[in-house]
Amino acid sequence: MTLLELTDVTASYGPVRVLEGVSLTVPDGGAVGILGANGAGKTTTLRAISGTVRTAGRITFDGRDIRGLRPDRVAALGIAHVPEGRGTLAQLTVLDNLRVGAYLRKDRKAVAADLDYCLTLFPQLKKRLTSNGAALSGGEQQMLAVARAFMARPRLLLLDEASLGLAPSTAKTVYDAIGRLRRESGIAMVVVEQNANLAFTLVDTATVLETGRNVLTGPASELKGLDEIRRAYLGG
Ligand SMILES: Nc1ncnc2c1ncn2[C@@H]1O[C@H](COP(=O)(O)OP(=O)(O)OP(=O)(O)O)[C@@H](O)[C@H]1O
Ligand SMILES: [Mg+2]
């Protein structure tokens, strides 16, 4: 079943149109990558989904038209956005950041169980529960951002450059945990990455954006082998 579908979506900042017609299909439980150079429109595509940029075209989630909905309504439907730059709350402790993630939920027992689960997924956070977000390393902040999004128990997670600024070994740790989360929770994902090697460890299919348009879409296994992908995104 298709969970999220974008059909010919355009998006603008003021008078400037930066998405010229993006399409994307995410099956329930599936993971789709968005690759592309700086400025291609990857972040804007995630903003189009989460309702934080002006859009036209068609965006459906679970069969329902969500284009133009306010961001809080989109979140309440089960879409959690981990933005570029992480967006953890610097003045709150790790524990409070995780609680904020779950603020719409009433099922206290399940929230407590999910909190435990986050700490098995990211054991590094366990030692930092009472530290402020601002005191965390870049890798720990990224882990917290993912864990906080999970605490909302979304059906779809939007991940924007989860590897940005991290040492390769830390980026791998973060992606391994996200992969485990995917396998164990079945949460669907849209994964924006400049590091295609990492993205391909996680996604089933991917699309390449260039100046706000899809230029190539297909199974990760096929894209990985293409010369143009290797040259542009896989370091040769
Ligand atoms: N808030 C904004 N106001 C005006 N223009 C913006 C804004 N945010 C992004 N843009 C422009 O929109 C285009 C697409 O930007 P976007 O951030 O979606 O690209 P990206 O693929 O995520 O790039 P990067 O890899 O650098 O994060 C760029 O030309 C960018 O300059
Ligand atoms: Mg971006």
Side-chain angles (χ1 to χ4, degrees), residues 31 33-34 42-43 46-47 49-52 71-72 74-195 198-199 201-203:
I34 302 181
K42 304 181 298 296
T43 294
L46 297 188
R47 288 189 186 138
I49 299 164
S50 61
T52 50
D72 58 321
V74 174
L77 289 175
I79 299 180
H81 190 166
V82 180
E84 212 171 22
R86 300 162 194 146
T88 50
L89 302 168
Q91 301 310 319
L92 293 187
T93 64
V94 167
L95 186 58
D96 285 340
N97 265 279
L98 294 173
R99 287 185 178 137
V100 167
Y103 83 106
L104 283 175
R105 297 174 58 186
K106 308 265 183 284
D107 46 346
R108 285 176 155 220
K109 272 194 184 150
V111 169
D114 285 347
L115 195 79
D116 282 346
Y117 176 71
C118 279
L119 301 177
T120 60
L121 207 54
F122 298 113
Q124 264 174 277
L125 294 180
K126 207 167 185 166
K127 303 175 209 132
R128 309 301 306 270
L129 277 178
T130 57
S131 304
N132 276 357
L136 301 182
S137 72
E140 290 165 346
Q141 284 184 35
Q142 191 63 63
M143 293 170 194
L144 178 58
V146 172
R148 191 180 69 167
F150 166 75
M151 287 304 295
R153 270 288 173 173
R155 291 183 66 191
L156 175 69
L157 201 54
L158 309 177
L159 294 170
D160 199 348
E161 310 254 13
S163 72
L164 195 69
L166 305 184
S169 63
T170 310
K172 185 176 181 306
T173 301
V174 170
Y175 267 81
D176 284 350
I178 296 170
R180 182 179 159 196
L181 175 65
R182 190 191 161 197
R183 286 191 302 278
E184 293 179 348
S185 70
I187 295 173
M189 301 182 175
V190 180
V191 182
V192 165
E193 254 307 331
Q194 290 217 22
N195 183 336
L198 278 176
T201 65
L202 188 60
V203 303

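Values in this document were obtained by computation on a predicted structure and should not be read as measured data.
Considering all non-hydrogen atoms of both residues, A177 and L121 come closest at O-CD1, 3.6 Å. Of all heavy-atom pairs spanning P71 and T52, the tightest one is CG-CG2, 3.7 Å. Closest of all the heavy-atom pairs between T93 and T130 is CG2-O, 3.5 Å. The heavy-atom pair separating L136 from S131 by the smallest distance is CD2-CB, 4.4 Å. Contact record, I187 with R182: O-CG, 3.9 Å, taken as the closest heavy-atom pair. Nearest heavy-atom pair, A162 versus L166, reported as atom, atom and distance to 0.1 Å: O-CD1, 3.4 Å.
Applying the ring pair (Phe, Tyr, Trp, His ring centres under 6.0 Å) test to pairs two or more places apart or on separate chains, those with a residue in residues 117-142 are Y117-F150. Note on residues 158-171: no pairs pass salt bridge (Lys or Arg N to Asp or Glu O under 4.0 Å), not counting sequence neighbours. Sorted by first and then second residue, the salt bridge (Lys or Arg N to Asp or Glu O under 4.0 Å) pairs involving residues 134-151 (not counting sequence neighbours) are R128-E140. Sorted by first and then second residue, the ring pair (Phe, Tyr, Trp, His ring centres under 6.0 Å) pairs with a member in residues 74-96 form an empty list; sequence neighbours excluded. Applying the salt bridge (Lys or Arg N to Asp or Glu O under 4.0 Å) test to every pair with at least one member in residues 185-194, sequence neighbours left out, gives no pairs at all.
D116 meets the side-chain hydrogen bond (donor to acceptor under 3.5 Å, both in side chains) test with no other residue; sequence neighbours excluded. Taking the side-chain contact (heavy atoms from CB on, under 4.5 Å) definition, one finds that A152 meets it with P154, sequence neighbours left out. Taking the side-chain contact (heavy atoms from CB on, under 4.5 Å) definition, one finds that A145 meets it with V82, R86, T88, Q142, sequence neighbours left out. R105 pairs by the side-chain contact (heavy atoms from CB on, under 4.5 Å) definition with A102, D107, A110, V111, D114, R153, not counting sequence neighbours. In this structure Q194 satisfies the side-chain hydrogen bond (donor to acceptor under 3.5 Å, both in side chains) test with no other residue, sequence neighbours excluded. By the side-chain contact (heavy atoms from CB on, under 4.5 Å) test, D176 pairs with K172, sequence neighbours left out.
Distance CG/L158 to CZ/R47: 12.5 Å, rounded to 0.5 Å. The structure places NZ of K126 at 12.5 Å from CG of L95, a figure rounded to the nearest 0.5 Å. I178 contributes atom CD1, which lies 6.5 Å from atom CE of M189 (distance to the nearest 0.5 angstrom). Of the inter-residue distances, the one linking S50 atom OG with L77 atom CG reads 12.5 Å to the nearest 0.5 angstrom. With rounding to the nearest 0.5 Å, the separation of CG in N195 from OG in S163 is 5.0 Å. Going from atom CG of L89 over to atom CG of N97 covers 4.5 Å, rounded to the nearest 0.5 Å.
With M151 as reference, L115 is the one residue of L115, V100, L104 to meet the side chain to side chain contact (heavy atoms under 4.5 Å, CB included) rule.
L46 has its side chain out of reach of E84: every pair of non-hydrogen atoms, C-beta onward, lies at least 4.5 Å apart. Contact check for L119 versus L129: side-chain heavy atoms found under the 4.5 Å cut-off.
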> Given L159 and Y175, is the side-chain contact (heavy atoms from CB on, under 4.5 Å) satisfied, shown in steps?
Replying inline: CA-CA 11 Å; L159 294 170; Y175 267 81; 5.6 Å; no
